[in-house]
Amino acid sequence: MLDSEQHYQNIGATDATPDMIDAIVAEGAKFCEEVLAPINQSGDQEGCTWSEDGVKTPTGFKEAYQQYVEGGWPSMNAPVEHGGQGLPESINIILSEMVGTANWAWGMYPGLSHGARATLEEHGTPEQQETYLTKLISGEWTGTMCLTEPQCGSDLGILTTKAEPNADGSYAITGTKIFISAGEHDMVDNIVHIVLARLPGAPEGTKGISLFVVPKCLPDANGEAGERNAVSCGSIEHKMGIHGNSTCVMNFDGAKGWLIGPENKGLNCMFTFMNVARIGTSIQGLAAAEGSFQGALTYAKDRLAMRSLTGPKNPEGKADQIIVHPDVRRMLLTQKAIAEGSRAMIYYAAQQADLVAHGEGEDQKAADEMLGFLTPILKAFCTEAGFEAANHGLQVFGGHGFIAEWGMEQIVRDTRIALLYEGTTGIQALDLLGRKILMSQGASLRNFTKQVHKFCQANEGNEALKPFIEKLTTLNKEWGDITMKVGMNAMKNRDEVGAASVDFLMYSGYVCLAYFWAQMVKVAQEKLDAGTTETGFYTAKVQTAQFYFDRILPRTAAHAQMIAAGSDSMMAIDEENFAF
Ligand SMILES: Cc1cc2nc3c(=O)[nH]c(=O)nc-3n(C[C@H](O)[C@H](O)[C@H](O)COP(=O)(O)OP(=O)(O)OC[C@H]3O[C@@H](n4cnc5c(N)ncnc54)[C@H](O)[C@@H]3O)c2cc1C
């Protein structure tokens with residue numbers, strides 16, 4: 001569907017041949033199944049432990065990380081000039097999905113390094129790149145992103161961490177950062193913190209934030225981890241899920257750091273990190289849907305309960321397998337539709353990221369705009385939908401889903417954070433509707449709806465696609481109309497944007513998924529018409545799409561109605577009267 005072969009040729013990634021990608025997927029799958037999945041539940045039960053000496057990760061995490069580094073996985077998509085293998089980002093996304101499905105908490109350690117690396121690649125000085133990039137790419141050191149402070153997370157404009165110039169050109173960083181994932185751990189001998197802080201006299205708000213690289217240990221003359229820097233982990237959080245990943249309070253007590261990018265432009269530079277991390281977080285939704293689906297499907301084919309409403313399907317047994325029941329099928333198909341639809345959308349976005357990295361001119365610009373438009377949808381919709389899918393997975397197991405042994409409740413607990421970090425769903429929704437769409441006078445949306453419109457037009461005469469195309473065409477038009485109405489209302493009352501935003505984001509997510517499902521039907525139908533031998537696979541694609549269009553896509557109507565209802569009923573109630 002994504003025509004990967006052509007895509008890799010277009011971006012000059014001649015090494016990314018189908019054979020090469022198959023080999024990477026097979027080897028990556030082996031590592032995930034044999035090394036990461038077995039320490040997923042034990043890692044959850046054991047969790048991380050803090051002491052004065054540092055943070056200990058669960059049994060097996062450190063060894064798994066060593067194997068990951070020895071296998072050359074961290075360097076796969078890094079630039080060759082810094083010791084990487086130069087493969088495109090989209091291939092790394094496939095690996096990230098498998099790692100995340102096998103063991104999300106573990107995957108966050110290399111995941112954060114990836115963002116730190118991207119930031120230094122784009123904004124670091126040659127010296128910073130020489131010192132830190134090579135180590136991050138080899139996996140010898142890991143990275144973090146230090147944004148959040150006790151008083152602020154969504155609103156970074158009110159952060160207070162200070163950066164004061166030292167005589168040698170470095171800065172003394174002082175402040176407390178909280179909730180820092182992988183801030184301290186025992187897997188590597190150095191951790192590279194990417195930190196937001198304020199210079200003396202910097203303007204208030206987001207315009208006065210600068211970005212710094214602050215290593216846990218100062219690099220020595222040989223570039224190895226040397227003397228300890230004045231940064232330490234004060235404690236770790238006790239939390240709902242991802243127990244295997246350390247969530248740290250980090251104290252910077254005049255720690256030595258170096259400025260990345262221009263003064264007061266820290267937030268702009270940090271967006272590189274955040275965009276990488278946001279696509280990474282969307283994968284958490286996909287991983288939750290896929291992992292919980294695999295568990296639920298196996299269980300539903302095995303567990304016996306009651307008889308099918310249309311007569312026994314397992315007459316020799318005392319009851320039928322629960323997969324015969326329509327409601328169990330509803331849950332399984334919802335999981336399947338979310339997992340495969342999200343995968344199509346995320347992998348498409350990864351191709352756009354490839355084009356941004358390797359493309360040129362207009363193609364590069366268009367890809368950048370497309371990625372900017374899709375990112376809040378990926379981050380918020382795929383995690384909301386993935387969390388729903390994880391809950392269905394638990395439900396299919398009945399009471400056993402609630403019991404730790406089966407692993408389903410862990411997926412629910414681990415996935416819940418995806419709706420919060422990297423910008424909550426509410427913040428992503430404001431970004432989509434406010435910053436990306438209304439502030440571009442609708443241009444970014446039109447860009448996407450034009451693409452959908454072209455697809456619909458090109459397939460108008462296709463009988464097999466007809467029911468899909470008709471619905472998609474209607475919604476694609478309605479999407480623009482809704483946006484226009486919200487935009488008009490917002491001119492009179494800005495609260496209209498905030499009131500509409502999450503429903504608008506979910507509406508957008510469902511329409512996007514419909515577009516990707518329609519494309520999958522097209523390819524599947526062509527394969528079936530051409531007499532493929534993989535009839536089961538392609539028939540299931542068409543049938544899952546049918547389920548998506550019949551049973552999930554109608555949610556758009558409710559979202560459209562709620563958007564149309566405006567802000568009045570939310571804003572009318574007096575703050576004091578909420579409590580009554
Ligand atoms: C396990 C874990 C790991 C994390 N890892 C990291 C990390 O590695 N690095 C890092 O820097 N941070 C990290 N975070 C922090 C995380 O990114 C923040 O918690 C998150 O961005 C939300 O910020 P907050 O908690 O301050 O909530 P707040 O900003 O206080 O928001 C509270 C609520 O208000 C809503 N809200 C706020 N403003 C608006 C608005 N304008 N309109 C509508 N709604 C609004 C939010 O959506 C939310 O529901 C992590 C957090 C956790 C729990």
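Quick note: numbers below take in every heavy atom, side chains included, and nothing from hydrogens, waters or symmetry partners. Please read all numbers here as calculations on a predicted model, not as lab measurements. Counting starts at 1 for both ligands and their atoms, in listed order.
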Distance alone, cut at 3.5 Å: any donor-acceptor contact between the side chains of [X] and [Y]?
X    : Y    : answer
E140 : S138 : yes
E496 : S567 : yes
H123 : Q129 : no

Name the closest protein heavy atom to [atom], giving the residue it belongs to and the distance to 0.1 Å.
atom                    : answer
atom 9 (N) of ligand 1  : M145 O, 2.8 Å
atom 13 (C) of ligand 1 : F179 O, 3.0 Å
atom 3 (C) of ligand 1  : S181 OG, 3.3 Å
atom 30 (O) of ligand 1 : S154 OG, 5.0 Å
atom 24 (P) of ligand 1 : G153 CA, 3.9 Å
atom 42 (N) of ligand 1 : L430 CD1, 3.5 Å
atom 44 (N) of ligand 1 : I427 CD1, 4.6 Å
atom 20 (C) of ligand 1 : L420 O, 3.7 Å

Show the atoms of ligand 1 that are less than 4.0 angstrom away from any heavy atom in [X].
X    : answer
E422 : 17 (O)
T247 : 1 (C), 2 (C)
I417 : 1 (C), 2 (C), 52 (C), 53 (C)
C152 : 26 (O)

Legend entry - Considering all heavy atoms, the nearest A225-W141 contact: N-CZ2, 3.7 Å
Legend entry - Heavy-atom protein neighbour under 4.0 angstrom from atom 38 (N) of ligand 1: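 Answer yes: something from the protein, a heavy atom, is under 4.0 Å.
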Inset, instruction - Using non-hydrogen atoms of the residue, decide whether G498 is closer than 4.0 angstrom to ligand 1. - result: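 Checking ligand 1 against G498, which is what was asked, there is no heavy-atom contact under 4.0 Å.
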Inset, instruction - Answer yes or no for K177: is there a heavy-atom contact with ligand 1 below 4.0 Å? - result: no
Inset, instruction - State the CH2-CD1 distance between W104 and I242, to the nearest 0.5 angstrom. - result: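 Atom-to-atom, W104:CH2 and I242:CD1 are 9.0 Å apart.
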Legend entry - Aromatic ring pairing Y507/W479, orientation class (parallel under 30°, perpendicular over 60°, tilted between): tilted
Legend entry - Geometric class of the Y65/W106 ring pair [parallel <30°, tilted 30-60°, perpendicular >60°]: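 Taking Y65 first and then W106, their aromatic rings sit tilted (interplane angle of 30° to 60°).
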Inset, instruction - Can you sort out the partners of A357 under side chain to side chain contact (heavy atoms under 4.5 Å, CB included), two or more places apart, ordered by chain and number? - result: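 With sequence neighbours excluded, A357 shows a side chain to side chain contact (heavy atoms under 4.5 Å, CB included) to no residue whatsoever.
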Inset, instruction - Determine whether the side chain, the backbone, both or neither of T424 has a heavy atom under 4.0 Å from any heavy atom of ligand 1. - result: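 Near ligand 1, T424 shows its side chain, while the N, CA, C and O stay back.
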Inset, instruction - Give a yes or no on whether the ring-centroid distance for F179 and Y421 is below 6.0 angstrom. - result: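 Distance test on ring centres: not under 6.0 Å, no.
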Inset, instruction - Go through the structure and list residues passing ring pair (Phe, Tyr, Trp, His ring centres under 6.0 Å) with H82, not counting sequence neighbours. - result: none
